[in-house]
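Residues take their numbers from the sequence shown, with the count starting at 1.
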Amino acid sequence: MSEGFPKARIVTALLRDGDRILLCHRSPRRRWYPDVWDLPGGHIEPGELPGAALARELREELGIDIAAPSGPPVHEVHAATADMQIWLVETWTGSPVNAAPDEHDAIGWFTADALGELSLAHDSYRALFREVLG
């Protein structure tokens with residue numbers, strides 16, 4: 001970690017619709033984690049609560065509205081440069097679309113069987129997805 005730079009605080013959603021989860025494909029031009037499938041979400045702004053940040057990010061990236069989660073995240077990822085919280089989201093208003101084409105070049109719904117072929121943004125995702133879709 002670079003001296004003087006705080007860790008990035010990231011919130012993401014694991015959107016589940018029955019036996020499928022929604023993933024976003026990060027554009028190959030992205031500086032961090034290019035050309036991989038990732039969960040929708042993003043950075044917590046200064047002074048913003050994690051749940052509010054998650055609701056804002058999902059509105060910006062997917063055009064959907066969620067209630068800010070009240071419980072703890074289902075999973076956390078801690079790395080040298082970032083801390084990420086992942087919430088399971090099973091209800092929302094609207095239909096997910098790729099509302100942030102500068103960040104993602106595709107979005108898609110995937111069953112457990114289809115996940116094996118994907119390049120994922122983080123190693124821990126596969127076990128988490130299996131558990132949630134179990």
Side-chain angles (χ1 to χ4, degrees):
M1 186 165 104
S2 300
E3 288 298 316
F5 287 99
K7 280 187 173 191
R9 295 172 56 222
I10 312 284
V11 290
T12 60
L14 201 162
L15 265 68
R16 180 173 71 185
D17 180 20
D19 66 347
R20 308 179 307 160
I21 59 172
L22 185 131
L23 296 174
C24 300
H25 187 264
R26 292 175 65 87
S27 167
R29 298 177 308 282
R30 294 297 302 272
R31 179 175 173 195
W32 305 104
Y33 301 100
D35 201 25
V36 292
W37 289 92
D38 201 358
L39 296 168
H43 292 260
I44 300 172
E45 301 292 338
E48 193 174 36
L49 294 173
L54 185 65
R56 177 185 51 76
E57 286 286 348
L58 294 182
R59 195 173 316 108
E60 291 172 2
E61 293 188 9
L62 299 174
I64 62 172
D65 288 305
I66 66 160
S70 55
V74 295
H75 187 69
E76 295 190 37
V77 176
H78 300 284
T81 58
D83 288 323
M84 179 171 52
Q85 296 175 302
I86 303 170
W87 275 275
L88 179 62
V89 175
E90 298 178 289
T91 57
W92 55 87
T93 305
S95 296
V97 297
N98 186 10
D102 53 321
E103 295 185 30
H104 309 115
D105 55 12
I107 66 171
W109 289 100
F110 297 93
T111 61
D113 293 342
L115 290 168
E117 305 300 312
L118 301 181
S119 294
L120 299 174
H122 198 273
D123 294 341
S124 70
Y125 284 176
R126 224 170 282 285
L128 173 64
F129 297 165
R130 269 197 307 273
E131 184 182 319
V132 167
L133 292 171

By salt bridge (charged side-chain N to carboxylate O under 4.0 Å, His left out) - contacts of [X] (at least two apart):
X	value
Arg9	none
Asp19	none
Asp35	none

Atom pair [atom1] ([X]) and [atom2] ([Y]), whose distance is rounded to the nearest 0.5 Å:
X	Y	atom1	atom2	answer
Leu54	Ile10	CG	CD1	12.0 Å
Gln85	Trp87	CD	CH2	4.0 Å
Leu22	Ile64	CG	CD1	7.5 Å

What residues, two or more places apart in sequence or in another chain, satisfy side-chain hydrogen bond (donor to acceptor under 3.5 Å, both in side chains) together with [X]?
X	value
Asp38	Tyr125
Arg20	Asp17
Glu48	Arg56

Residues 86-96 vs salt bridge (charged side-chain N to carboxylate O under 4.0 Å, His left out), sequence neighbours excluded, gives Arg16-Glu90

Side chain to side chain contact (heavy atoms under 4.5 Å, CB included) with Ala68: which residues, sequence neighbours excluded?
->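 Scan of Ala68 (side chain to side chain contact (heavy atoms under 4.5 Å, CB included), adjacent residues dropped) gives none.
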
Review item, side-chain donor-acceptor pairs of residues 126-134, under 3.5 Å, at least two apart:
from: Arg126; atom 1: NH1; to: Leu115; atom 2: O; distance (Å): 2.8
from: Arg126; atom 1: NH2; to: Leu118; atom 2: O; distance (Å): 3.0

Could you list all the side-chain hydrogen bond (donor to acceptor under 3.5 Å, both in side chains) pairs where at least one residue sits in residues 113-124, not counting sequence neighbours?
-> His75-Ser124, His122-Ser124

Sequence neighbours left out, what pairs pass ring pair (Phe, Tyr, Trp, His ring centres under 6.0 Å) with at least one residue falling in residues 44-64?
->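 Residue pairs with at least one partner in residues 44-64: there are none.
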
Please determine which of Leu49, Asp83, Ile44, Leu39 meets the side chain to side chain contact (heavy atoms under 4.5 Å, CB included) test together with Val11.
->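 Exactly one option meets the side chain to side chain contact (heavy atoms under 4.5 Å, CB included) with Val11, and it is Ile44.
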
Tabulate below the donor-acceptor pairs under 3.5 Å that side-chain atoms of residues 100-112 make, not counting sequence neighbours, or state none.
from: Asp105; atom 1: OD1; to: His25; atom 2: ND1; distance (Å): 2.6

Shortest non-hydrogen contact from Gly94 toward Trp92 = O-CD1, 3.2 Å

